[in-house]
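The block underneath contains the structure these notes are about, expressed in C-alpha cells.
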Amino acid sequence: MVKPFKDLCFLCEELSKLSKRTSMANLVSNFIKDLDIEELEIASRMIIGEIFPPWSQLEFDISGATIWKIMKELTGITDEEFIDFFNETGDLGSCVKEIFEFKGKVQTKLYQFKPLSITDVNEHLKELASIIGEGSRKRKEKLLKALLERASPIEAKYIVKFIIGERRHGFGEGLMIESISKAFNVPSEIIRRANMFLCDVGKLAALTKKYGSQYLRTINVTLFHPVKPMLADDAENVLDALKTLGGRAAFEIKPDGARVQIHKKGEKVKIFSRRLTDVTNSLPDIVEMVNRKVKLKEFIIEGEVIVIDENRKPLPYQYVMRRFTRVKDTDKMMEHYPAKLYVFDILYADGRSLINKSYENRRRFLENKIEESIVMPRIVTSDPNKAEIFFKYSINSGHEGLVAKRLTSTYTPGIRGKHWLKIKENPKTLDLVIVAAEYGYGYRFKWLSDYHLAARDEETGEYLVVGKTFTGLTDKEIIDLTSKLERLAIAKRGRTIIVQPKIVLEIAFSEIQKSPNYRSGYALRFARIKRIRSDKTPEEADTIQKIIRLYEDQFKRKGKIL
DNA sequence: CATAAGACTCG
DNA sequence: ATCGCAT
DNA sequence: ATGCGATAGAGTCTTATG
C-alpha cells in the first residue's frame with residue numbers, strides 16, 4: 001500500500017511534542033510496522049533525517065538562503081515578511097509552513113491536490129541530489145520549486161527540513177534502532193551490531209523486516225563498504241586511563257590530524273574519512289604509500305593522516321584540512337604539504353575479518369604486514385611513570401596526546417566505549433569579552449546562545465573578535481545571560497546584537513589558528529565556555545598581544561611553513 | 001576577472 | 001568537537 | 001555513569017554575480 005507522505009509528517013510533528021524516549025520509540029515502531037519493504041527503507045531514513053547513506057555521494061547542496069529565494073518566487077513574500085515569519089517560528093521548516101498557510105489563503109491555487117506519497121518525495125529528493133555539473137544550481141532550484149508547489153504546508157515544512165538538514169525533533173539513530181527492535185521483535189543489540197557495518201538505517205530496517213535476526217548476525221565487514229569507526233572516550237590522565245583499563249594498557253600517539261579508513265583489493269584503493277566520505281582523490285600520496293608499504297593483497301586498515309614540514313614535524317591542523325578538501329591540483333599540494341600516515345588498526349585482511357580479534361592480536365598482525373615507518377608508535381606498560389613520559393614525548397613532538405587501549409578489546413565499530421581512552425593536555429584558557437551575541441536555533445531560538453568573543457588590543461584599547469562559542473553553559477545560565485545582554489545591547493543586525501563590552505567569560509580552547517576571517521588575524525579552535533567571570537572587568541581581560549605570543553609558542557612543538 | 005556567498009570538510 | 005540533559 | 005541528540009565553529013574550495 002502506498003503511504004501518504006503527509007502521514008510521515010504528522011508522525012514527525014507528534015515526535016517533536018513528546019519528550020519521553022520510550023513513547024517516541026513506540027510511536028515510530030507502530031508507524032513502520034506495516035510498511036512494505038521499500039517504503040520502510042525510505043521512511044526510516046526520513047524520520048531520522050538522513051535521507052542518503054553517508055557514502056552514497058548524493059548531496060542536496062542547497063542552503064537556507066536558497067529556500068528563502070524560492071519561497072519569494074513562489075509566494076511573492078517580501079524579505080521583511082519572511083524575517084517576521086522566521087522570528088516567530090524559529091526554524092526554517094516551520095517558517096515555510098506558516099508562509100504557505102498564510103499565502104494559501106490569498107492565492108488558493110498555490111498547490112495542486114494530487115497527494116504526495118513517501119516514495120514520490122524520495123524520488124524527487126534523489127533526483128534533486130543527483131544533479132551536478134554546469135547550471136546545476138538553476139536546475140536544482142527549478143526542481144525544488146516544482147516539488148514545493150505540489151506540497152501542502154506541512155509537507156513543505158518537512159521537505160525543507162530534510163534538504164537543509166534541520167531535524168530537531170529529538171529522534172535520532174539510537175531511538176530508531178529501538179523502534180526497529182520493537183516493530184519486528186528482534187533484540188536491539190543484534191540490530192545495533194548490524195548497524196555498525198551497514199551504516200544505513202534504511203537498509204537496516206528493511207533487512208530486519210525481510211530476514212530477521214538470524215541474517216543480521218551474519219553481517220560483517222566488507223571491502224569498500226566503510227565501517228563506522230570505533231571511538232575513544234575521554235580520560236583525565238594516564239593514571240586514570242590505566243585504572244579504567246585494568247592496570248596495564250597500550251598507549252598510542254594521538255596526532256592532530258584526520259582519521260582515515262583505507263580499503264584495498266587488487267589495484268583498487270579507497271580512502272574513507274571518519275564520516276565515511278570518499279577522500280581518495282585528495283590523497284594520492286597516501287594511496288601510493290599503502291601500495292608500497294602494506295604487504296597484503298586485500299585489507300581494511302585504519303589510521304591518522306597528518307601533514308609534515310621539511311623537518312618531518314607535524315604542521316598545524318589547518319594544513320591537514322587543506323589536503324582533505326582539495327580535489328584539484330593535488331600534485332602541487334603533495335609537494336607543498338606532504339601527508340604522513342600512521343596506521344593503528346587492521347579490520348580485514350586477505351579474506352578474513354579481524355574485528356573479533358583482540359587489540360593485541362590485530363596489532364601484532366599489523367606489525368608483521370606493514371612497514372614500520374607508517375605504523376603508529378606505541379608502548380605497552382603498567383607503569384604510570386613510563387606512560388607519563390611517553391605522553392610528554394607525544395606533546396613535545398607536536399602531537400595532541402595519547403590514546404590508551406585495552407589489550408584484550410575487540411574492534412567495536414561506531415561505539416564510544418571504555419576500551420579506547422583519549423588523553424590530552426588540560427586545555428589552555430583565556431578570559432575574553434562578549435562584544436556581540438546571536439539568537440540560537442531550535443529550542444534556543446529565543447535565547448542569545450552564541451557569543452562573539454574578543455580580546456583587548458593593548459595599543460588601541462579596541463576589542464578584537466577571536467572566535468565564537470555556543471557551548472558550556474546550562475540552559476538556565478543562557479537565559480540569565482540573555483536578559484543581561486539584552487540590557488547591554490547597542491545595535492541589532494538580523495539575529496545578532498552588538499553589546500557593550502562588559503561581560504567576561506573564561507574560554508577553553510584547543511589551539512590558536514591564523515584566521516583569514518577575523519580582522520584580529522587569529523581564531524580559537526574549539527572555544528567553549530568554562531565559566532562566567534563576574535569577578536573580572538573587561539579591562540582585566542586577556543589581550544590580543546597575549547594571543548599572538550601564545551600562537552608563536554605553538555611552533556616550539558609544531559612545524560611551520562614560511 | 002575579481003569578489004562574495006554557499007556548501008562542505010573536519011575535530 | 002564539546003556540551004548538557006535524560007535515563 | 002552512560003548514551004544520545006543538539007548545538008554550531010573555522011577553514012577552504014566552488015560557484016554565482018557584477
Side-chain angles (χ1 to χ4, degrees), chain A residues 15 19-22 24-25 48-49 54 59-69 132-138 140-141 164-178 192 229 231-234 244 254-260 273-279 282 304-305 316-330 333 400 414-418 422 424 427 438 440-445 447 449-453 466-478 508-518 522-530:
Chain A
L15 287 176
S19 62
K20 278 238 195 298
R21 286 172 198 260
T22 41
M24 291 167 90
I48 68 158
E59 282 154 7
F60 289 118
D61 203 24
I62 290 168
S63 74
T66 310
I67 304 283
W68 186 343
K69 191 176 143 201
I132 47 161
E134 207 178 323
S136 59
R137 187 107 274 132
K138 287 250 149 57
K140 279 189 184 199
E141 282 172 18
I164 65 165
E166 178 187 76
R167 291 187 286 120
R168 300 185 177 103
H169 50 31
F171 192 91
E173 194 180 81
L175 284 170
M176 184 50 92
I177 286 167
E178 292 305 315
R192 203 172 289 275
L231 304 170
D233 207 339
D234 297 302
T244 325
K254 183 182 191 305
D256 188 12
R259 181 122 173 224
V260 288
S273 72
R274 183 187 146 159
R275 287 187 186 167
L276 311 183
T277 48
D278 184 343
V279 290
S282 307
E304 188 90 357
V305 170
Y317 178 76
Q318 286 186 288
Y319 297 95
V320 181
M321 278 334 293
R322 242 171 248 178
R323 287 298 313 267
F324 268 70
T325 50
R326 192 66 166 254
V327 286
K328 280 182 178 169
D329 298 325
T330 45
M333 294 302 279
E400 239 190 312
I415 304 239
R416 192 184 295 283
K418 287 275 181 210
K422 295 182 271 199
K424 300 192 205 178
E438 289 175 38
Y441 283 80
Y443 79 98
R444 310 217 286 203
F445 86 100
W447 305 339
S449 57
D450 196 12
Y451 313 108
H452 299 214
L453 309 164
V466 292
K468 295 196 255 180
T469 187
F470 59 92
T471 185
L473 296 181
T474 62
D475 289 354
K476 192 184 168 302
E477 287 172 314
I478 297 174
F509 62 96
S510 65
E511 190 187 20
I512 299 165
Q513 295 178 309
K514 198 92 190 170
S515 172
N517 295 327
Y518 290 123
Y522 298 87
L524 305 181
R525 173 144 80 119
F526 300 138
R528 63 265 187 196
I529 303 164
K530 276 288 157 215

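Scope of the values below: all heavy atoms of this structure, side chains included, with no hydrogens, waters or symmetry mates. Here is how names work: the chains are called A, B, and so on, in the same order as the sequence lines, proteins then strands, and each is numbered from 1.
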Taking 4.0 Å as the cut-off, does a side-chain nitrogen or oxygen of K424(A) come that near to OP1 or OP2 on dG11(B)? no
To the nearest angstrom, the CE-P distance between M176(A) and dG5(D) comes to 11 Å
Between Y518(A) and dA10(D), is there a side-chain N or O to OP1/OP2 distance below 4.0 Å? yes
Out of dC4(D), dA1(C), dA8(D), whichever nucleotide has its closest atom nearest the side chain of K422(A): dA1(C)
From C-beta outward on T471(A), which listed nucleotide comes closest to its side chain: dC3(C), dA6(C), dT9(B)? dC3(C)
Starting at CG of D256(A) and ending at C1' of dC10(B), how long is that distance when rounded to a whole Å? 11 Å
At under 4.0 Å, does any side-chain N or O of S19(A) touch on OP1 or OP2 of dT7(C)? no
Would you call D256(A) and S510(A) a side-chain contact if the rule is heavy atoms closer than 4.5 Å? no
May I ask you to evaluate whether S510(A) reaches the phosphate of dA1(C), defined as a side-chain N or O under 4.0 Å from OP1 or OP2? no
Does dC4(D) have OP1 or OP2 sitting under 4.0 Å from an N or O in the side chain of R192(A)? yes
Distance in angstrom units between Y317(A) OH and dC10(B) C1', rounded: 3 Å
So which one's nearest nucleotide on DNA chain C is more toward 5', D475(A) or K254(A)? K254(A)
Residue whose nearest DNA chain C nucleotide is more 5′ - L473(A) or R275(A): R275(A)
The side chain of K468(A) lies closest to which of these nucleotides: dC5(C), dG9(D), dG11(D)? dG9(D)
Nucleotide nearest R21(A) (side chain, heavy atoms from C-beta), chosen from dG3(D), dA8(D), dC10(B): dG3(D)
With respect to the phosphate group of dC3(C), does any side-chain polar atom (N or O) of K530(A) fall under 4.0 Å of OP1 or OP2? yes
Distance below 4.0 Å between R274(A) side-chain N/O and dC10(B) OP1 or OP2: no
Phosphate OP1/OP2 of dT2(D): any K418(A) side-chain N/O under 4.0 Å: yes
Whole Å only: how far is the CD atom of Q513(A) from the P atom of dA1(C)? 15 Å
What's the closest nucleotide to the side chain of T474(A) if the choices are dT7(D), dG4(C), dA10(D)? dG4(C)
Is the distance from OP1 or OP2 of dC13(D) to the nearest side-chain N or O of R326(A) less than 4.0 Å? yes
